[in-house]
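These notes concern the structure reproduced below.
Convention: sequence-line order gives letters A, B, ...; per-chain numbering from 1.
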4 protein chains.
Amino acid sequence: MIISIDTASDTPIYQQVRDEIIKLIGTKELKSGDELPTVRGLAEDLGINPMTIQKTYNILKNEGFVEIDRRIGVKVAGLKNLKDDNFEENLKKILLEGKARGYSQEELISEVKNLDI
Amino acid sequence: MIISIDTASDTPIYQQVRDEIIKLIGTKELKSGDELPTVRGLAEDLGINPMTIQKTYNILKNEGFVEIDRRIGVKVAGLKNLKDDNFEENLKKILLEGKARGYSQEELISEVKNLDI
Amino acid sequence: MIISIDTASDTPIYQQVRDEIIKLIGTKELKSGDELPTVRGLAEDLGINPMTIQKTYNILKNEGFVEIDRRIGVKVAGLKNLKDDNFEENLKKILLEGKARGYSQEELISEVKNLDI
Amino acid sequence: MIISIDTASDTPIYQQVRDEIIKLIGTKELKSGDELPTVRGLAEDLGINPMTIQKTYNILKNEGFVEIDRRIGVKVAGLKNLKDDNFEENLKKILLEGKARGYSQEELISEVKNLDI
DNA sequence: GTGGTCTAGACCACG
DNA sequence: GTGGTCTAGACCACC
């Protein structure tokens, strides 16, 4: 599982790791039922504090993306619709920023279509 | 100009104000050349410190969304293409989060189309 | 005389006008004895307050670049060496910034040579 | 790290500190990876408010000269070419001012060469 | 009038 | 420990 973080970024590391894992789910590189690395293992790989990964996994659980089983570990949750007002708000916000930056409707749509290539 | 902020949120106020203003530019409620409220005026309206707005305006200037004219105040910059790698990265990230949440390509595209209504 | 200013810039207008005039002297587009526009005329051309140009001319006089004769107006001063510690300090500062930005000695020297083309 | 500021100057303190740090990078007294003093530490040393240094570091980050790692603090960024139109503009402006002041091409070139001594 | 800078001191998030 | 945010109130430069 390829996750890259940037310790010099101003987004918190736990957040970056969350985003990266969600991206992997979005691209289907991680599918329902797939197991995620252990907290300790991933922390070592990334050279960061295990507590940071712990926090990431808790967030992902609360958001419904993963399930945590003390015996098995962490695995990607079954597909349900995780539609969320807050998410739609954020999506709209960034799409409007795109408009403000001068992107046309067509350009934004092609960004969406490019995801499935 | 209607801007709403949430002082209890964990996203910084200056950031929220930035996002709100960019949304207004995105929806064309603010057009090139329109004047923004004065630093002090907006700060008073929102019940926050002028320096916070000062920071917001400075960021918007650096991002190219507004121009600051000592004589007049702050106004929305002329339309140029403010395409930015970082922005595209963020857009892609949130679109993939949409996929991970179970949104279909069509649903995401209709979000884009809804912007122009 | 072609002078362009940017009212949205954060360098004061009087400063911009000063810099532009000095650039014209540096490129020999303005030579010793040449007359500068009147305060009022230049202010009108640029669409700014005459006091601003007045300030510019005073600065240029104090720096030794121009002479002001109440009867004739403002003209470029005779060539003398206006070497100045402060200037050398500034030059060194910006050259070092060039090094910090990764410019090589050769690149900086070619910038100097390009002035005479 | 020796940084001197002049609180009576009309160039902002945060700007002076920025310039001083860039000079240190330019002279290689600060190299890639070197850690800068903490915000509070440097502020105390200089007898100024921490927010002023905060602003300096933020500017340096945006300009690409430093990286801010939450875990460590602020360090000099890896060498990349930070070439910038605005910088070249400024360089040209001051070089032309040199010509206007009567410096010959050779004198200006020797200023560049002196940097490497 | 406008934006820009600075202070002193507080509180928070991150790791 | 680090940097980041915010306040309340002051003073300054520019036009």
*Validation row: A:D10, D:I68 side chains within 4.5 angstrom (heavy atoms)*: no
*With heavy atoms under 4.0 Å as the rule, sort B:K61 into base, sugar-phosphate or nothing.*
nothing
*How do C:I13 and B:P50 order along DNA chain F: which one's closest nucleotide is nearer the 5' end?*
B:P50
*Of the non-hydrogen atoms in C:I22 and C:F65, which two are nearest, and what is the gap between them?*
CD1-CE1, 3.5 Å
*Hey, does A:M51 reach any base, or is it just sugar-phosphate, or nothing, if we go heavy atoms under 4.0 Å?*
nothing
*Round to the nearest Å and state the distance from D:D69 atom CG to E:dC14 atom C1'.*
11 Å
*Are the side chains of B:T56 and B:I59 in touch, meaning some heavy atoms are under 4.5 Å apart?*
no
*Might you point out which heavy atoms bring A:G102 and B:K83 nearest each other, and give the distance in Å?*
O-CE, 4.4 Å
_Shortest non-hydrogen contact between A:P37 and A:L42, atoms and distance_ = CB-CB, 4.0 Å
*Is A:K55 near enough to E:dA13 that one of its side-chain N or O atoms lies under 4.0 angstrom from OP1 or OP2?*
no
*Counting only non-hydrogen atoms, which of residues 29-42 of chain B are less than 4.0 Å from DNA chain E?*
B:T38, B:V39, B:R40
*Stems involving DNA chain F: give each as a range paired with a range, ordered by first number, where a stem means at least three consecutive Watson-Crick or G-U wobble pairs under 3.5 Å.*
E:1-14 with F:1-14
*Could you check whether D:I48 gets within reach of a base, just the sugar-phosphate, or nothing at all, counting any heavy atom under 4.0 Å?*
sugar-phosphate
*asked:* Please list all pairs meeting side-chain hydrogen bond (donor to acceptor under 3.5 Å, both in side chains) that have one or both residues in residues 86-99 of chain D, counting only residues at least two apart or in different chains.
replied: C:R18-D:E97, C:D19-D:K93, C:Y103-D:E88, C:D116-D:K99, D:E97-D:R101
*First encountered from the 5' end of DNA chain E, between D:T7 and B:R70*: B:R70
_Taking the side chain as everything from C-beta on, heavy atoms only, tell me whether C:I21 gets closer than 4.5 Å to C:L60._
yes
*If you look only at pairs with a residue in residues 26-42 of chain B, which of them pass as a side-chain hydrogen bond (donor to acceptor under 3.5 Å, both in side chains), with sequence neighbours excluded?*
B:T27-B:E29
*Nucleotide range of DNA chain F lying under 4.0 Å from chain B heavy atoms*: F:dT5 to F:dC15
_For a 4.5 angstrom cut-off between non-hydrogen side-chain atoms, does B:R71 reach C:I48?_
yes
Under 3.5 Å, which donor-acceptor pairs link side chains of residues 1-8 of chain B to any protein atom two or more places apart or in another chain?
residue	atom	partner	partner atom	Å
B:D6	OD1	B:A8	N	2.9
B:D6	OD1	B:S9	N	3.4

*Tell me, yes or no, whether the heavy-atom count around C:D69 atom CG, taken from other residues, nucleotides or ligands under 6.0 Å, exceeds 12.*
yes
*By nearest nucleotide on DNA chain F, pick out whichever of B:R71 and A:D10 is the more 5' one.*
A:D10
*Under 4.0 Å between any heavy atoms, over every strand shown, what does C:N49 touch: base, sugar-phosphate, or nothing? Just pick one.*
nothing
